[in-house]
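When a ligand or atom number is given, it counts from 1 through the structure's own listing order. Values in this document were obtained by computation on a predicted structure and should not be read as measured data. Position 1 is the first residue of the sequence, and the numbers go up from there.
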Amino acid sequence: MQRLIYAIFALAAIVALVAVSQSPGTKQVPYQDTFRSWTHVKTLVIRPGHPLYDGFGGIHHVYANNKALGVLKAGSGKFPDGSVLVFDLFEASDKDNAIGEGKRKVTAVMVKNSKYYTETGGWGFEAFEGGDRTKRVVKDPVKDCYTCHTGQAHRDYVFSQWRP
Ligand code: HEC
């Protein structure tokens, strides 16, 4: 009998753990190991004087995994769960009339999971300082990221557009 009670408690604990890990908004956005092998979508240099210079000054590249790429290429539509977009930002070095990449500043990630990230349009937002998987930057995904991306609600919160 005692064994049975222990077993029931153990089971209840597991169920509770699973429930917590899957409740909306609590799932951590994973660092993306392989994004450098994904499809490059675009590159942009943001220079002093641009309104986003303080947060995003430098040179950045946007990457999409295959799931996200389908929607980008179609030009519209809802990104399916499992879609991932990466914004990889570097300092821009302006030398000898050439602009090149300096140090990596931040690697920002958007992961689509409409079950987890219900408060931020179905996207999980995270950013990793210096591209370091252990240095998470986002404190409040709504304030830090989502609010600005809501300007793109008609494109499922994504700014970047595909060009052939
Ligand atoms: C002030 C507005 C603003 C804020 C705040 C912001 N972003 Fe963005 N984000 C943009 C813009 C504009 C682009 C498109 C850049 C381009 O066209 O090259 C973008 C692009 C991206 C992309 C590539 C996909 C896309 O939408 O084009 C990712 C990933 C991304 N942001 C993640 C984040 C994360 C994570 C945060 C929070 C740490 C964040 N962003 C905060 C404006 C913002």
Side-chain angles (χ1 to χ4, degrees), residues 21 23-94 98-164:
S21 72
S23 64
T26 57
K27 177 95 177 161
Q28 262 198 350
V29 175
Y31 176 84
Q32 303 296 313
D33 283 310
T34 57
F35 75 90
R36 289 286 287 118
S37 311
W38 299 353
T39 300
H40 170 251
V41 179
K42 67 169 297 192
T43 293
L44 184 69
V45 179
I46 294 183
R47 301 171 63 206
H50 188 279
L52 298 184
Y53 183 77
D54 282 349
F56 303 107
I59 178 167
H60 69 249
H61 313 287
V62 175
Y63 298 87
N65 72 355
N66 280 335
K67 278 199 172 160
L69 195 62
V71 178
L72 281 178
K73 282 187 171 170
S76 66
K78 236 181 160 36
F79 287 81
D81 284 358
S83 295
V84 187
L85 295 158
V86 169
F87 175 106
D88 203 17
L89 175 66
F90 296 80
E91 284 171 5
S93 81
D94 191 346
I99 295 178
E101 294 173 353
K103 229 173 66 201
R104 181 178 263 127
K105 291 174 79 176
V106 75
T107 303
V109 178
M110 286 169 70
V111 174
K112 190 69 177 282
N113 187 322
S114 45
K115 214 170 65 209
Y116 294 146
Y117 309 115
T118 51
E119 267 139 50
T120 45
W123 289 100
F125 287 87
E126 184 55 276
F128 300 87
E129 190 186 325
D132 183 334
R133 64 176 62 235
T134 66
K135 293 190 180 149
R136 292 175 176 269
V137 174
V138 175
K139 303 267 180 293
D140 178 348
V142 172
K143 263 209 329 248
D144 298 350
C145 315
Y146 175 67
T147 303
C148 187
H149 276 250
T150 53
Q152 290 299 103
H154 60 290
R155 294 196 61 243
D156 204 12
Y157 308 99
V158 171
F159 283 97
S160 297
Q161 298 196 27
W162 180 254
R163 50 134 177 88

Heavy-atom pairs closer than 4.0 Å: do any link ligand 1 to the side chain of L44, the backbone, both, or neither? side chain
Short list, please: which atoms of ligand 1 are under 4.0 Å from a heavy atom of E126? 35 (C)
Does the side chain of R133 come within less than 4.5 Å of D33's, by heavy atoms? yes
Specify the protein heavy atom at minimum distance from atom 16 (C) of ligand 1: its residue, its atom name, and the distance to 0.1 Å. K42 NZ, 3.2 Å
Note: ligand 1 atoms sitting under 4.0 Å from heavy atoms of V109 are 35 (C)
Using side-chain heavy atoms (C-beta onward) and a distance below 4.5 Å, is W123 in contact with F79? yes
Taking the side chain as every heavy atom from C-beta outward, state whether Y31 and E126 have any pair of such atoms under 4.5 Å apart. no
Please verify the inter-ring angle class for Y157 with Y146; under 30° counts as parallel, over 60° as perpendicular, anything in between as tilted. tilted
Checking a contact table here: which protein heavy atom is nearest atom 5 (C) of ligand 1, and how many Å away? D144 O, 3.3 Å
Students should be able to answer this: which protein heavy-atom is nearest to atom 18 (O) of ligand 1, and at what distance? H60 NE2, 2.6 Å
Ignoring water, what protein N, O or S atoms are under 2.8 Å from atom 8 (Fe) of ligand 1? H149 NE2
Test: K112 and D156 ion pair at under 4.0 Å: yes
Counterpart residues, salt bridge (charged side-chain N to carboxylate O under 4.0 Å, His left out), relative to R36 (two or more places apart): none
Please examine the side chains of H149 and T120, heavy atoms only from C-beta on, and report whether any two atoms are closer than 4.5 Å. no
Could you point out which residue of V84, V86, V158 forms a side chain to side chain contact (heavy atoms under 4.5 Å, CB included) with M110? V158
Around atom 23 (C) of ligand 1, find the nearest protein heavy atom and jot down its residue, atom name and distance. V62 CG1, 3.8 Å
For atom 29 (C) of ligand 1, what is the closest protein heavy atom, and at what distance to 0.1 Å? L85 O, 3.4 Å
Which bit of V137 gets closer than 4.0 Å to ligand 1, counting heavy atoms only: side chain, backbone, both or neither? neither
Is the closest side-chain heavy-atom distance between W38 and Q32 below 4.5 Å? yes
Taking atom CZ as the centre, does R136 end up with more than 12 heavy-atom neighbours from other residues, nucleotides or ligands that are less than 6.0 angstrom away? yes
For K139 and D144: C-alpha separation, side-chain torsions, deciding distance, then whether salt bridge (Lys or Arg N to Asp or Glu O under 4.0 Å) applies. CA-CA 7 Å; K139 303 267 180 293; D144 298 350; over 6 Å; no
Report, in ascending order of atom number, the atoms of ligand 1 lying under 4.0 Å from any heavy atom of V138. 38 (C)
